[in-house]
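The chain is numbered in sequence order, starting from 1.
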Amino acid sequence: MFLIAFSFGMSGHPRGIGLVLSGGGAKGLAHIGVIRALEENGIPIDYITGTSMGAIIGALYASGYSPDEMEFIILSDEFSSWSTGRIPVSYSSYHRERHFNASMLSFEFERYDSITIPVFPTNLIPTHSMDLGLLEVFAQAGAKSRYDFDNLFIPFRCVASDVYNNSSLVIKRGDLSEAVRASITYPFYFNPIKIDGILLFDGGIHNNFPFDVMVEEFGPDLVIGSKTSSNPPPPTPGNLRLQLHSLITAKTDYDIEKIGGILIESDIREIGTFDFRHLKRIIESGYTAALLKMEEIKSRIDDRITVEEIAERRKNYRDSLPPLIFENIIVSGSTGHQIDYVTRSIRQQEKYFTIDRLRAEYYGLVSNDKVNSIYPRAVFNQTTGLFDLHLDLSSQARLETSLGGNISSGSLNQGFAGIEYKALGRNAYNLEGNIYFGRLYNSAMARGKIELPGSLPFFCDVAFTFNRLDYFTSNNGPFFDDVRPSYLIKNDVNLRVNAGTPVGMRSIAKFGYAIGRVADRYYQTENFMRSDTSDRTNFDLSALNLTYEHRTLDHKQFATRGRKAKIDLHFVRGKETFSPGSISALGSYSNNNHMYFRAGGQFTGFYPVNSFLTLGVSGELVLSTQSLFNNYTASLLNSPAYQPFPHSAALFLDNYRAHSFAAAGLVPIFRLNNSMHLRIEANVFQPYKKIGRDDLNRPFLMAPLKHRHFMGSAALVYHTPVGPASISLNYYEKNGQSFYVIFNFGYLLFNRMTL
């Protein structure tokens with residue numbers, strides 16, 4: 001029997017059993033299985049040292065988390081966001097997101113020493129989710145320990161790498177979440193962190209298996225090691241990855257038998273460092289490997305602790321932790337105005353706030369593209385029994401340029417270029433402009449936006465936009481060769497002002513006012529010559545609108561997860577002016593005043609059936625008191641259109657426009673892998689009264705609910721890092737060509753029209 005209470009090792013600690021956890025990325029999750037097997041077999045764990053993923057698992061266990069609780073954390077969506085850097089959609093702030101456009105690549109510039117220089121990323125994966133997640137799981141245990149790792153549920157050490165001194169650093173006190181964050185900061189994958197002014201990277205660079213730290217710090221009677229990684233093979237002249245790895249990392253000594261230790265080696269050689277797809281199998285491999293060594297371990301240890309005893313100790317420890325409630329906010333690293341912005345964003349006039357409130361507001365802040373970085377720390381106040389939130393903020397005005405568009409096998413090639421200035425002061429500011437250019441669509445837009453945080457956050461934006469849609473030159477339908485290069489053109493110039501407020505994290509309510517001119521140029525026959533002039537309809541209008549919108553979709557085009565709902569009310573007033581062309585059947589000028597209400601609702605939702613199949617549903621309803629325009633074509637051009645998938649927005653489709661209509665769609669999605677899927681869309685369009693025409697192209701409303709039309713699409717979609725690539729077969733009920741097979745790479749997205 002060990003004399004745990006009376007026998008002391010080299011460091012002055014009571015001697016016992018030390019567990020050493022190696023690094024290894026995703027493979028390191030096997031440590032959970034190892035710990036589970038040790039607990040189930042009554043093996044006490046008196047000390048823990050860990051590196052990288054071993055530091056996370058070791059710190060969790062040292063903070064009083066059971067193997068089941070650790071597995072629950074690792075399998076959670078929150079942990080998944082740590083490894084991918086994605087902010088959970090439900091927590092990102094929709095009102096701070098930029099207007100969707102066709103951008104595919106972006107480049108940032110900032111002012112430095114009186115010159116403008118490009119900003120290059122220092123890491124591949126954003127760490128916002130990880131930083132907050134580590135705070136949440138470790139802050140309470142760190143506070144109870146008074147920031148001395150000897151006072152945790154189990155004494156603990158982790159290892160990081162000092163970048164400047166090129167040496168290993170053992171962390172034994174301080175902020176536990178910071179210590180773990182430093183130990184797992186894989187170079188170039190995550191951005192490094194400073195502790196006490198020292199820039200730190202992953203501990204595995206110098207010591208991926210800190211059994212020497214265990215011996216020197218705790219001097220236990222027995223060291224049990226869990227190994228989930230190995231030294232890489234010698235580099236070859238043609239393998240740059242191995243060359244860099246050998247230059248950066250030191251060779252690791254895994255031989256603990258020389259000190260009388262026992263090594264548990266999990267068989268997970270086929271798992272990559274960043275392969276987090278097989279978490280349960282990885283954990284099970286550690287459990288199996290530990291059981292294979294269990295008889296040897298038991299033969300070396302007389303002391304035992306039952307599962308019930310460790311559960312009772314753990315419960316008592318967890319019950320004694322202080323609640324994670326915050327009182328004060330201390331912001332550093334930025335100007336006074338920026339500090340005021342952050343404080344108003346989080347506090348919102350409440351004296352105390354919980355981690356749930358912090359999570360929502362923190363993600364709202366980091367989703368703000370004016371914030372370069374923001375690192376959170378929870379510091380316990382022994383006097384009040386509450387935490388103070390310390391935020392290290394970095395925000396500098398930046399200029400961003402972006403490029404994108406769409407590359408098509410048909411006539412839908414389109415370019416996009418944008419520029420945006422982003423700044424954070426007492427409020428947040430955006431100034432942006434963009435242009436689209438192509439056969440179908442040309443546009444230019446200038447926009448300014450201000451966002452004011454507070455108990456009732458508020459935003460306002462003003463935009464001036466010119467849009468030109470040329471349906472003829474982009475249309476693959478049959479027309480005469482001897483024609484003008486434009487057959488059906490819509491010009492839309494508008495000035496829009498919107499003001500609104502967020503409703504939760506993913507919804508907004510806004511009020512808007514727009515003035516504009518919609519200038520349509522068209523022929524109402526296919527038989528026209530180059531010398532002919534087109535009919536012209538101008539609609540000079542103003543519009544008031546109220547809008548509620550909710551969005552959690554995962555992509556701005558070809559979404560596969562999430563929801564979108566929108567309700568809007570419009571009051572439109574304007575004057576229509578018709579000027580006949582040289583071959584118009586309606587040979588006289590006319591002026592008509594229009595005043596009408598329009599109410600609309602849209603919904604799209606995706607519901608997973610299993611890991612392979614997702615079922616999407618959509619619906620749209622428009623109700624309007626709008627009257628007919630002078631002629632059939634003008635009436636259609638100024639009516640709401642049903643455009644459920646990207647290609648349908650590129651065509652002028654008579655049968656899918658009406659003043660009032662209902663439409664629905666069914667979208668089964670077959671997931672082939674994380675980036676590729678096959679989607680089939682089947683849609684039905686039901687106008688209340690279809691717009692018809694007589695022999696002179698004069699419009700009239702047909703009998704209610706007598707006509708309905710179908711459209712559909714089947715598309716194979718691959719989401720690349722810069723945009724979707726798709727090949728699709730699209731069907732419409734229309735004269736002439738009904739089926740279209742087309743390849744697209746990029747986005748078919750437009751700036752906003754007047755309505």
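Thr501 places a side-chain N or O within 3.5 Å of a backbone atom of Pro457 that can act as its donor or acceptor partner. Checked by atom type and distance alone, the side chain of Glu327 never pairs as donor or acceptor with a backbone atom of Asp388 at under 3.5 Å. In terms of modelled atom types and a separation under 3.5 Å, the side chain of Asn434 and the main chain of Gly418 share no donor-acceptor contact. Here the side chain of Ser145 pairs a donor or acceptor atom with the backbone of Tyr147 at under 3.5 angstrom. Glu451 places no side-chain N or O within donor-acceptor distance of the main-chain N or O of Ala428, the cut-off being under 3.5 Å. Between the side chain of Ser183 and the backbone N or O of Val159 there is at least one donor-acceptor pair closer than 3.5 Å. Although no hydrogens or angles enter the test, the distance criterion places no donor-acceptor pair under 3.5 Å between the side chain of Thr185 and the main chain of Pro192.
Between His128 and Tyr362, the ring planes are perpendicular. Angles over 60° get that label, and only those under 30° would be called parallel. The aromatic rings of Phe153 and Tyr61 stand perpendicular to each other, their planes meeting at an angle above 60°, with 30° marking the opposite boundary. Ring geometry for Tyr189 versus Tyr186: interplanar angle over 60°, hence perpendicular rather than tilted (30 to 60°).
Annotation: side chain of Arg426 is not in contact with side chain of Tyr341 (no heavy-atom distance under 4.5 Å). You'll find the side chain of Phe156 stays beyond 4.5 Å of the side chain of Ser63, heavy atoms only. Taking the side chain as every heavy atom from C-beta outward, Val20 and Pro210 approach each other to under 4.5 Å. Looking only at side-chain heavy atoms (C-beta outward), Glu400 and Arg398 stay at 4.5 Å or farther from each other. Residues Asn101 and Met445 form no side-chain contact, since every pair of their non-hydrogen atoms from C-beta on lies 4.5 Å or further apart. Between Ile198 and Tyr164, every side-chain heavy-atom pair lies at or beyond the 4.5 Å cut-off. Side-chain atoms of Ile339 and Leu393, non-hydrogen and from C-beta on, never get closer than 4.5 Å to each other. Arg359 has its side chain within reach of Glu136: a pair of non-hydrogen atoms, C-beta onward, lies under 4.5 Å apart.
Considering all non-hydrogen atoms of both residues, Ile73 and Val137 come closest at CD1-CG1, 4.2 Å. Taking all atoms of both residues into account, the shortest heavy-atom contact from Tyr747 to Ser103 is CE1-O, 3.6 Å. When all heavy atoms are compared, the tightest approach of Asn545 to Tyr513 is OD1-N, 4.1 Å. The two residues Gly58 and Ile48 come nearest to each other via the heavy atoms CA-CG2, 3.6 Å. For the pair Tyr436 and Leu749, the tightest heavy-atom approach, listed with the atom from each and the gap, is CE2-O, 3.1 Å. Residues Asn427 and Pro453 share a closest heavy-atom pair of OD1-CD, 3.9 Å.
Taking the charged nitrogens against the carboxylate oxygens, Asp131 and Arg377 have no contact shorter than 4.0 Å, which rules out a salt bridge.
By the neighbour-count criterion of 12 heavy atoms within 6.0 Å, atom CZ of Phe72 is sparsely surrounded, having that number or fewer from other residues, nucleotides or ligands. Summarising the local packing, CG of Asp319 is surrounded by more than 12 heavy atoms from other residues, nucleotides or ligands at distances under 6.0 Å. Counting non-hydrogen atoms of neighbouring residues, nucleotides and ligands closer than 6.0 angstrom, the CZ atom of Arg318 exceeds 12 such neighbours. Summarising the local packing, NE2 of His555 is surrounded by more than 12 heavy atoms from other residues, nucleotides or ligands at distances under 6.0 Å.
Annotation: the span from Leu386 atom CG to Phe353 atom CZ amounts to 10.5 Å, rounded to 0.5 Å. To the nearest 0.5 Å, the span separating CG on Leu19 from CE on Met214 amounts to 6.5 Å. To the nearest 0.5 Å, atoms NZ (Lys566) and CD (Gln602) are separated by 6.0 Å. A distance of 9.0 Å separates CD1 in Ile282 from NZ in Lys27, rounded to the nearest 0.5 Å. Note: Asp461 CG to Lys510 NZ = 7.0 Å, rounded to the nearest 0.5 Å. How far CD1 of Ile374 is from CG of Leu365: 5.0 Å, rounded to the nearest 0.5 Å.
Side-chain polar atoms of His206 and Asn166 form a donor-acceptor pair below 3.5 angstrom. Inspection of the Asp68 and Ser66 side chains reveals no N or O donor paired with an N or O acceptor under 3.5 Å. Looking only at atom types and distance, the side chain of Thr560 has a donor-acceptor partner in the side chain of Asp554 under 3.5 Å away. Residues Asn207 and Thr51 have side chains that never bring a donor and an acceptor to within less than 3.5 angstrom of each other.
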Next item on the list: Mind running side-chain contact (heavy atoms from CB on, under 4.5 Å) on Ile35 and Met70 for me, showing each step along the way?
Entry: CA-CA 10 Å; Ile35 293 172; Met70 289 191 287; 4.1 Å; yes
Checklist line | Stepwise side-chain contact (heavy atoms from CB on, under 4.5 Å) test for Lys144 and Ser320 | finding: CA-CA 8 Å; Lys144 180 176 173 58; Ser320 69; 2.9 Å; yes
Checklist line | Chi angles and distances behind the side-chain contact (heavy atoms from CB on, under 4.5 Å) call for Asp150, Arg157 | finding: CA-CA 9 Å; Asp150 282 343; Arg157 299 288 187 270; 2.9 Å; yes
Note to self: Determine whether Gln382 and Arg146 satisfy the following criterion, side-chain contact (heavy atoms from CB on, under 4.5 Å), listing intermediate values before the conclusion.
What the structure shows: CA-CA 9 Å; Gln382 298 289 344; Arg146 293 179 179 263; 3.6 Å; yes
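A cation-pi geometry, defined here as NZ or CZ lying under 6.0 Å from the six-membered ring centre and within 45° of its normal, does not hold between Arg314 and Tyr65.
When the options Glu549, His550, Arg551 are evaluated for a side-chain hydrogen bond (donor to acceptor under 3.5 Å, both in side chains) with Ser507, the one that passes is His550. Screening Leu134, Ile195, Ile56 against Arg181 for a side-chain contact (heavy atoms from CB on, under 4.5 Å) leaves a single residue, Leu134. Just one of Ile205, Thr228, Asp202 meets the side-chain contact (heavy atoms from CB on, under 4.5 Å) condition when paired with Ser52; it is Asp202.
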